[in-house]
Amino acid sequence: MIDLRTLRDHPDRLRASQRARGEDDSVVETLLALDERRRSALTGYETLRAEQKSVGKSVSAASGDERAALLARAKELSAGVKGAEAEAEKLAKELDELLSSVPNVVEEGAPVGGEDDYVVLEEVGEKPRFDFTPRDHLELGEMLAAIDTERGAKVSGARFFFLKGVGARLQLGLLNMAMQQAIEAGFTPMITPVLLKPEAMAGTGFLGSHASEVYRLEADDLYLVGTSEAPLAAYHWNEILDGGSLPMRYAGWSSCFRREAGSYGKDTRGIIRVHQFDKVEMFSYCRPEDAVQEHARLLEWEKQMLAKVELPYRVIDIAAGDLGSSAARKFDCEAWLPTQNRYLELTSTSNCTEFQARRLSVRYRDTDEKPRHVATLNGTLATTRWIVAILENHQQADGSVVVPKALRPYVGLDVLEPVK
RNA sequence: GGUGGAGUCGCCUAGUGGCCGAGGGCGCACGCCUCGAAAGCGUGUGAUGGGGCAACCUAUCCGUGGGUUCAAAUCCCACCUCCACCGCCA
């Protein structure tokens, strides 16, 4: 949720942000007008309510005719108060709904435009050159008996899979290495719930435009998370944190569930786009003035992980129109995928500024200061999808795959050998 | 799933319709006292919206949501959470 005060004081900032996202900026005028009406309704209600309280109080002290007269007056006021309160509440709700529909104010410097208007910030590492025809990750996964999508489909349907043998070991090793890096960087490791209440899910912003992406358990009115960002953001819901403890950094390990509605026919082969995968996610709570710097740190930690698995990749700065509603800025790291001659998103880090914290009411306080909303940020450290890029980039002519050096202690193998 | 008990200001607690505009204690902050400290004494001590340059004023908040009433922490209904016991169970 955007800040109403900022909107009142600096409406131009929101107008510019809306235009950068390619969205309607007239919502600013509508919001300001609605806010005006709401405040005047509130004042009207408060005045009536104050009178009602004072008359009500005098009823108990009076007697006889005076009491009867006061009672009559009190009854009148009671009806008036109800009406005025309902009006004020109605306007407050309208304002809240409209306010909730407005995406975060874009950070200055983010590229203007849509999905294709990202800016490449850097390219890291060498793309591999093969003197044989490289196999794609599924072919390799099957040769290694690491990935079984056929039985995944048999048991659970399309876009489900089994990781088996060295495949399972590769994922466990990768995610353990991510956790270990996070712990060494001072993150608190977390294993989170993957089912969330509607309020928690809505609070983190995943029931907005993402609603059709989310699995819902009808019988229990719970949602399956698409990322541990959701439980980690809701973790301090309705809390006031000690300013001295910021930044607070959590590394969450969870399975993630996505319906992938609307992606029919896209990445149908293998495990690039699936309904269930595992992920280690970094999540930071920090002071708003430190958020840009924290965002840079998260990106560095992602690059550190990518270096450990020795993948060629590029970093892109996502354009305003392609940002999620909570994000003010977003950087993705995309690994090179040799068999498809394209880049594949492996990490994504967003600075949500105070947008998410405002909706979830997560604040911090320094001694003797008023509470302020924290900034929240998130970033990927490793996911199941990384296996795709690792297999393809480190394959050899015989179908074996060299395990990146840093990962070897975690996987327990130097080379993954095809199963005869 | 069943039965019973409980949820009040950071923590503990008082509070059975108007004297609650929520009292007391702990903690915390400041002051007095002291060479310094402890103890003691005094003062202060939440959140949110609105108004105001400000001090301050005002409304709301006693688990959540409804209801009764001129008036609700207090009465009624539903729900949530926690605790205990029973049943089932990885």
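The chains referred to below are lettered A, B, ... by the order of the sequence lines, with proteins before strands, and numbering in each begins at 1.
The closest donor-acceptor contact from the side chain of Asn393(A) to the backbone of Ala389(A) lies under 3.5 Å. A distance-only check finds a donor-acceptor pair linking the side chain of Glu213(A) to the backbone of Ala261(A) [under 3.5 Å].
Aromatic ring orientation, Phe160(A) versus His275(A): tilted (interplanar angle from 30° to 60°).
One interatomic measurement links the two molecules: NZ of Lys370(A) to P of rU45(B), which rounds to 12 Å at whole-angstrom precision. Distance Asp96(A) CG to rU60(B) C1': 16 Å, rounded to the nearest Å. Put simply, CZ on Arg38(A) is 16 Å from P on rU60(B), counting in whole angstrom units. As rounded to whole Å, 6 Å separates atom P of rU68(B) from atom NZ of Lys82(A). Glu85(A) places its CD atom 14 Å from the C1' atom of rG67(B), with the value rounded to the nearest Å. Across the protein-nucleic acid pair, Trp237(A) atom CH2 and rU64(B) atom P stand 13 Å apart, rounded to whole Å. Atom C1' of nucleotide rG10(B) and atom CG of Asn238(A) are separated by 16 Å, given to the nearest angstrom. rU48(B) atom P lies 5 Å from atom CZ of Arg363(A), rounded to whole Å.
Relative to the side chain of Ala50(A), the nucleotides rG51(B), rA59(B), rC70(B) differ in distance, and rA59(B) lies closest. Of all nucleotides listed (rC70(B), rU60(B), rG46(B)), rU60(B) comes nearest to the side chain of Tyr45(A).
When the C1' atom is used for both rA14(B) and rA22(B), the distance is 10 Å, rounded to whole Å.
Checking Pro371(A) against Thr43(A), the closest nucleotide of RNA chain B that is more toward the 5' end is the one next to Pro371(A).
Contact annotation: Ser78(A) side-chain N/O to rA71(B) OP1/OP2 distance is under 4.0 Å. The side chain of Arg5(A) contributes an N or O atom lying less than 4.0 Å from OP1 or OP2 of rG50(B). Residue Arg49(A) places none of its side-chain N or O atoms closer than 4.0 Å to OP1 or OP2 of rG21(B).
Between His295(A) and Phe331(A), the ring center distance clears the sub-6.0 Å criterion.
Defined by atom type and a distance below 3.5 Å, a donor-acceptor pair is present between the side-chain atoms of Thr227(A) and Lys279(A).
The partner of rC33(B) is absent, by the rule that a Watson-Crick or G-U pair needs both atom distances under 3.5 Å.
Nucleic acid contact for Arg358(A): none, since no nucleic acid atom lies under 4.0 Å from a heavy atom of the residue.
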